[in-house]
Amino acid sequence: MAQERPKEVRSEFLYFALRNRKLRVGLGILVFFLLFAIIGPFLTEYDPNTYAGPSAQPPSSEFWFGTTTFGQDVYSQFAHGLRSTFIVGLIGGGIGTLVGVVIGLLAGYRGGMVDEILNMLTNIVLIIPTLSVLIIIAAYLAVRGILTESVFIGLTAWPWAARAIRAQTFSLRTREFVDLARMSGRSSLRIVFTEIAPNMMSYLFLVFILQFGGAILNAATLDFIGLGPTRGMSLGLMMNNAVLWAALQLGMWWWLIPPGAAIAAIVGALYVMNVGLDEVFNPKLREM
Amino acid sequence: MRGSKFLTVVGLLTIAALVLAACQPATVEVTRIVTEEKEVEVTRIVAGTPVVEVVTATPAPAEEAEVTYPRNETLYTSGKQWGPPTSWNPLQPGSYAMGVIGLCNETLFLYDPLKNEYIPWLAESGDWVGDNVYEVKLRQGVQWSDGEPFTSADVVYTFELGKLDGVYYKPLWDWLDKVEAVDEYTVQFTFKEVRYQEWGNTLYSVAMVPKHLWEGRSEEDIVNGDNLPPVGTGAYLYETHSEDRMVWKRNEGWWAKDALGLSVGPKYIVDIVNPSNNVALGLFLKGEMDLSNNFLPGIATLVEGGYGVQTWYDDPPYMLSANTAFLFMNTTKKPMDDPAFRKAMAYAVDVDEIVTKVYGNIVQKCNPTGLLPVWEQYVDQDVVDELGFTYDPDKARSILAEAGYQDVDGDGFVEAPDGSKIELKIIVPFGWTDWMESIKVVANGAQAVGINLQPDFPDFGGYWDQLTGGTFDMAINNFGSNMSDTPWTFYFWLFRNPITDVMSNGNFGRYDNPEVFDLVVELDKTPIDPEAMKPVIAEIQRIQLTDMPAVPLWYNGLWAQWNSTYWTNWPSAQEGAPKYLPCTWNGYWNMTAILMLTELEPVQ
Amino acid sequence: MRRYLGRKLLIYLLTFFVAVTIDWLIPRFMPGNPVDTMLARMALRADSAEVLRSYYIRAFKLDLPLWQQYLNFWAALFRGDLGISTWLFPQPVFQIIKRAVPYDLFLLLPAIILSWIAGNRVGAIAARVRWLDNTILPLGYILTASPYMWLAIVLAWALGNVAGIFPIAGAYGFGLRPHLSWLFIKDLLWHWFLPFSSLFLVMFGGWAIGMRNMIIYELESEYSRYLESLGTPQRLIRKYAFRNAMLPQITGLALQLGGIVAGALATEIVFAYPGIGYMILNAVQNQDYFLIQGCFLFIITGVLLANFIIDLVYIVVDPRTRLGMTGE
Amino acid sequence: MLKLDGVSKVYRVGTFGGKELHAVSNVSFEVPDGEVVSLIGESGSGKTTIGRMILRLTPITSGTISFNGVDISTLQGEALKDYYRQVQGVFQDPFSSYNPIFKADRIFRIVREEFFPGMKDQEWNGKLEDSLKAVGLNPAHVLNKFPHQLSGGQLQRFLIARALLLDIQFLVADEIISMLDASTRIDVLNLLADLKESRGLSILFITHDLSLGYYISEHAVILYRGCVVEMGSTDRLYNTPLHPYTRMLMAAVPRLDKKWEKVEVELRGKQSQITTGCVYYDRCPEAERSADCLTHRPPLVQVEDDHFVACSRYME
Amino acid sequence: MSLQVENLTVYYRTLRGDVQALENATFTIADGEIMGLAGESGCGKTTLGHSLIYLKPPMRFIEGRVTLDNEELPIWDMERMNEFRFKKISIIPQYAMNAMNPTRKIGKMTAEILESRKVSYKATLPELKRRLDLVELSHDVLNMYPIELSGGMKQRMVMVLSTLLNPSLLIADEITSALDVSTQKAVAEMLVGFRDRGFVKSLMVITHDISILYQIADSIMIMYAGQLAEKASTQVIIHNPRHPYTKMLIGSLPKVGVKHSKQRLAGIPGKPPLLLNPPVGCRFRERCPVAFDKCFDVPPFIEIEPGHFVACWKEFESNA
């Protein structure tokens, strides 16, 4: 019947995690860009918005990523933009995950009327095209920062997470250890967060990864269509500017390519990590 | 595979839907075009299926309705249309499609800003026949495109429309008393109050509409209808339009052929709805666009780089100047209520940096009066020499210091004379990147002289709200400083009065000075004669430069770039080239752009 | 079954109501108002502007109290009247949308359906072919992680400007007049190709990856094992796995619809493709309440409809929902 | 003493509870102090639902469950906690009873946190050790391990030890040995029996296996589709099963001393819901049922001392 | 001899090395024989059953030889085994409830499976219907989806499906453990019926429930920790077991009519060893009440009387 189980669950995850190529590659790329975002801005003396040098210069030893039409340092913009990309991912993805988790857990655990209402809310928010709401909200806020942008992205991104977590909670709440906790007189709230949530840790992590990537892409789209932060620098804004100033047509590929490529790389790395982690957490998918 | 069959069906359906959709524009009512000479051509397309009928009235070779526009007969333009063409109603100045006034509906006169001349157009002449009576003699033999003659009844009707709510020239009737047709080709205007400048402006900007077609329409339809298909007297006829283009076709029976010996070159004009800069430049470089009136950053490089791109001038500023960008300061707020402070701001802005870095030299630094180069003769050099300003941070600092602005708390920024902190914002709409970059320069300049000024980029709505509602600190704007026949329009905008809660357009800084307001009125009532106008204008300039209610910064260009792959003999500063405005924007066709078309020649 | 559909319908109606209300509400809290923005664009002389301002505010009934505007809005909606656009004055919003929508459908339907089908097929193959798994999938990740507009711009530049193969703007040649002929249809498709590709590629990547992962799950399932132990050829096992893995992909399609709207918007802007994506952006920027409402109304209706269709499809393809839906 | 009086459980299913599912119908029986009562039935008989209702894990639709005379459905807060001090349960799946990501002894920690918050470590450890020993476990071998490192039998004992920590009077044991290996089953069963003897514990022993019920309990209740079809002393039930269902169950139990008789088991008709009439009607052998059975549900009647049956044949 | 297994050794590959799940199994199943295979969980009985038909990673073939009807089965080769599966050797898996494709109608799925094995569905249909009658399933099930069937019905459907091509050997893996006693009895008796009617030549019934085997099996084989412990006819195993493990196992089973208060039964103390590093010698040694020095060697599986195989040194000794 059942095979022998390895002794330690955790170390097993670690073992597979370290040996999973997808996870390693994804994490590698992510860490690279994360470090870049942290350290990068310190390596340049130029502010992303000052006119640092001659305009439209190709990459050189002075301006590593070249300069914009106005002679701004593209490297500096890139490094700062990368930073806000991670901020948007963290905050937007974090909020998206958090709201999704709370609503999903609540709906899944309480069931009944609470579930009906929350489920309906989830469905409604799920169906309404996120971007359209974001556009209206973005337009409504006359002055926008990266933080507000992240918050709104997070607040519209949670439904699918809530739905998935609700389903997970449904299956977990009928498990006997939950009954056992109830028979120990534990409060519902405590049961949800100390019994059910920890069991979904791996799943929550996957949700967060996807939310993280989604937030970055959403922000990039918003930025690109000119509804991004009115202050600060982001990769989406860089692309927006590059297009507005016809960078590619004027041969300034260094202005448009890096921000888009970085977003693709980061989000791609997150997706790859997601599949890698899935394989780690789910023994069925492991390659022996 | 079930999937692929399904796909085929989906594919066919979508294509069918699209073809139907694309053909929609053609589903207009039967368009009957009778030219005076020969045939009647009826193109009728019903429910997307083109049925081409050629009904011949007089024996003449039938001409097939063309489905493609031969490249050497078509002029591709872009720059005016910011959205799909939706209106062909010349009474809707903000909405009408590119060329409705000018190509289709014409004005009594044209105005040539380069020569400062009025060119009789539908009118043969116009004269003051009394103190307050202006008489227009109409050109005979002018026909509407449906074959009806154009007469004084049309002129009277058109001006009478201005009495309706919702017609933009309604204010005309504040001082116009009556319009009468003396005979079929003579119209007399009687005024309650003569405003020469404004009248001159009106004469070449109000387009005539055909009474016989319009008089049956409801008031609602007149004001809010889309007037499709438009019937005019002009050189072009409505051909078709779709979401991304407006197409005009040459009116072979245009009156100017006989009357003036003029004929327009392009058989078709396809105006492309403005795509992004990126796409516009791409189309332009691919030769798919002949004339671009878009603001195309980096165009200087292309002009210099031998891409076959031409502009008015071969060298900076490349473009003619079209309007003046002003730095408005809210004079109802401290410290902008202090002329010294405003003056210091004027000295603090490095306009050259904006011109070179932000615009790549395609704009020009302003004359301190802000008057456009076409109005150069009105600049009073003595006043400018005495009161003019230029970029001079030291001077700015000393003005501030003299006026009592000092950095008391040592944060690097000055405080007001009463010791209060100064924290100001300068705004432009988010997404208007050239302006966004420009106010960064303005803010840097201000900061360099100790004024704590930060750039801010609200959305257009927020920007406009602040500007018209008077809640902003500083802002850039140019909406009423456009080239026209008279500097009066410029001053009317700059010193718009009375000061109300909402300043719809002009005097956003709410500069309140009855003296200058009276001067603007006086200018309006001055006959169109530079020598008579100059003293009044000089007086205005003196006040303007003394009080500095708004700082003129740079002249935005009359963005125009073209390539000569298919069309040649473009107007430009070059010797021997025609001297007409190469511009498709509203209000420019009747400022000689139509004449540009008569000069264009296809490349053989 | 009826009950299931009834419940779905209720959710859709509620969603519609909420969405439309939000859609109505938000633009009215934006700074500025459509008439001022409209007048600002006209750049009229101030005296003319003042005259028109009062006229339009009355004409657009913006002087009424908000609640009354809201009621009027619903009343008009039931009459099929979406109001008149201020940005594209004087066109009725309905007309504008009617003209723009075919382009969206033409762009989106094939992109969604083809990418879904192709992505699923390739994903399914990748799940069992090692080299494909190692080549196409990384590409899939990059594609699906690329911002739509970025990919679109790069495509337009590379294939449109540099290589000069494809046109970069418009729905059909600017030198063409719409008519029924191969010339025109060919041109239509020619212009359609790049915007379609940029949407297709991004979505394709996502579906391929999703399918690959689903298939692996299905191939590990017990019914697959049973088939294997009956010596059934892999062909049949994969067929079953594919079919069953499609089911979550169908749900995925429903979930993706909202996001696809975003992609379409960005793509249409990049290629100046005359769909409603371009409209929305300009409507928002010009504070054209009526057009914003109209466009979103259309999108919401479209997404709801698509969701509903997908729900129906799901009932047909998955007996589990059909039989289990009454909750017995 | 635990007493069920006319307890029913109706699930509302379908959209907005459009349909009803009678999981338990009008069940009454009692478990006297210090006794083991077996609740016997096949899957879907409602036996687990009854256990969960007693444990307050599922609300009761109608009827009352009282413990020592107190209606348990009214208990809230501290009172409910007090109830849990006296009444606990152990479930079928030992692995599912533990949160797989925590160590197994976490169940004790929760008990300590909730019920003995002030207790000193030493006192607690002593108490825990006693409990573990009482269920036959060596604390040194079993503490500080993850659930998957322990055997099913050990895990079930753990759960019993957890209940013992609370000095319970009543234990609901829901199929607690059905997932255990034959070799350890009997030990857990013996443990229950011993606890009854030594501590006077009352046990509701829920099972589908008649022989296990007979082994451990004095009384048994036979459930079919939420209804009690027969109940009484186990001896009587075994020796003279009256209800056709009980007899069928007896015949179907695989025994080591006797081969199955060649009686065809009726498999059809297990699906449909029966609203009126005897719940066993569609599986009842033709010979034994009458038309009346289809329309009237027979009540539970006493046929002899300590033996009740719900079958029309014993109505008079 | 229907099935002959010689020295079959199969391991499970895990992170920490090989789990020695099946060690040196040698036994036979005669034509028409229903052999019960019993033991505690983790004793390797499922491994044995699966390795005969479906030996896929992480299972790893080490050595051994399996012949079915005098033909060697290439059990180590997933591909080549396809030829034998379903037609010669078949299985009713433990997970029978989930063994059918949830999105296919059962009839259609059956047809597709048959056609994929080059068997005409049409030709088989009458027989299929006959067998459905036999297991008391209405013919309508062919038009239903698996979800419309109860657990017991699905189980019976899989039984019919698995045996449709009259395989020589059928492996029934824990097919009764999830069922109610009444259904259990029916299903078990149907298995016997299948054998009696010749649908299958011989049967290997894997279960942990010895009392079921007593009812239906001709012989019973007991496994312990990956090794064969004892095999004999059912009567002998139940009434006269020789291996100490068998004895204790049977002793621990509750019997109808035994009351705790009157006769206290006992289980087997201790628990089976982990097979990652199994103890040398007899693997039952640690729990065996009669273990002695000899038990540090692996006891051979020897036929101590006709048809009765035991692997116990003590037994050999007492016999000797």
Side-chain angles (χ1 to χ4, degrees), chain B residues 3 7 10-11 14-15 17-24 26 49-50 67-69 71 74 76 83-84 86-87 92-95 165-166 168-171 224-226 240 242-245 270 272 275-276 279 282-283 285-286 288 460-462 464-465 468 479-480 489 492-493 496 504-506, chain C residues 30-32 36-53 55 59 85 87-91 96 99-100 102-103 105-106 109-110 113-114 117 153 156 160-161 164 168-172 174-181 184-185 188 269-272 274 282 285 287:
Chain B
L7 275 185
V10 170
T14 42
I15 291 178
L18 196 76
V19 172
L20 282 178
C23 292
Q24 269 176 353
T49 322
V67 289
T68 55
Y69 310 127
R71 187 62 183 90
T74 311
Y76 290 89
T86 49
S87 164
Q92 291 160 3
S95 320
D165 270 346
Y168 72 98
Y169 49 88
K170 194 179 186 214
N224 293 338
D226 63 7
T240 184
S242 73
E243 303 311 290
D244 54 6
R245 72 200 68 186
V270 178
I272 299 168
S276 62
V279 175
L283 284 174
L285 290 176
K286 286 184 85 173
E288 290 177 14
F460 182 81
W464 192 242
D465 223 26
T468 55
F479 287 3
T489 56
F492 181 77
W493 173 72
R496 172 65 187 155
S504 287
N505 191 8
Chain C
M30 288 187 195
D36 280 339
T37 313
M38 179 179 171
L39 289 169
R41 208 179 49 243
M42 291 185 184
L44 289 172
R45 258 181 20 211
D47 49 353
S48 296
E50 279 151 20
V51 168
L52 291 191
R53 186 172 193 266
Y55 173 76
S85 166
W87 174 53
L88 298 178
F89 190 79
Q91 290 293 315
I96 298 171
R99 295 168 58 102
Y103 295 104
L105 295 183
F106 182 52
L109 281 185
I113 294 169
L114 287 175
I117 291 175
I153 293 167
N161 277 101
I168 56 171
Y172 50 90
F174 290 109
L176 267 186
R177 190 189 163 122
H179 63 287
L180 252 185
S181 78
F184 181 68
I185 291 174
L188 208 58
I269 291 168
V270 169
F271 290 99
N282 279 290
Q285 281 168 356
Q287 305 194 297

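Note on naming: letters A, B, ... go to the chains in the order of the sequence lines (proteins, then strands), and numbering restarts at 1 for each one. Scope of the values below: all heavy atoms of this structure, side chains included, with no hydrogens, waters or symmetry mates. Nothing here was measured: the structure is a model prediction, and the numbers come from that model.
- Contacts between Y168(B) and chain C at a heavy-atom distance below 4.5 Å involve backbone atoms as well as side-chain atoms.
- With Y69(B) contributing its side chain and F174(C) its backbone, the two residues share no donor-acceptor pair below 3.5 Å.
- When every heavy atom of E243(B) is checked against every heavy atom of I96(C), the shortest pair comes out as OE1-O, 4.4 Å.
- The two residues Y172(C) and R245(B) make their nearest non-hydrogen contact at O-NH2, 2.7 Å.
- If you take CH2 on W464(B) and OG1 on T37(C), they are separated by 9.0 Å, rounding to the nearest 0.5 Å.
- At a 4.5 Å heavy-atom cutoff, the contact between S87(B) and chain C is made by backbone and side-chain atoms alike.
- Both the backbone and the side chain of L88(C) come within contact range of chain B, each with at least one heavy atom under 4.5 Å from a heavy atom of that chain.
- Interface remark: F479(B) contributes backbone and side-chain atoms alike to the contact with chain C (heavy atom separation under 4.5 Å).
- Proximity of L44(C) to P93(B): side-chain heavy atoms (C-beta onward) are separated by under 4.5 Å at one or more points.
- Chain C forms more heavy-atom pairs under 4.5 Å with one residue of L283(B), T489(B), T468(B), L285(B) than with any other, namely L283(B).
- T86(B) places a side-chain N or O within donor-acceptor distance of the main-chain N or O of F89(C), the cut-off being under 3.5 Å.
- At distances below 3.5 Å, not a single donor-acceptor pair connects side-chain atoms of D36(C) with backbone N or O atoms of D465(B).
- One distance of note links CG of D47(C) with NZ of K170(B); it measures 12.0 Å at 0.5 Å rounding.
- At a 4.5 Å heavy-atom cutoff, the contact between V279(B) and chain C is made by backbone and side-chain atoms alike.
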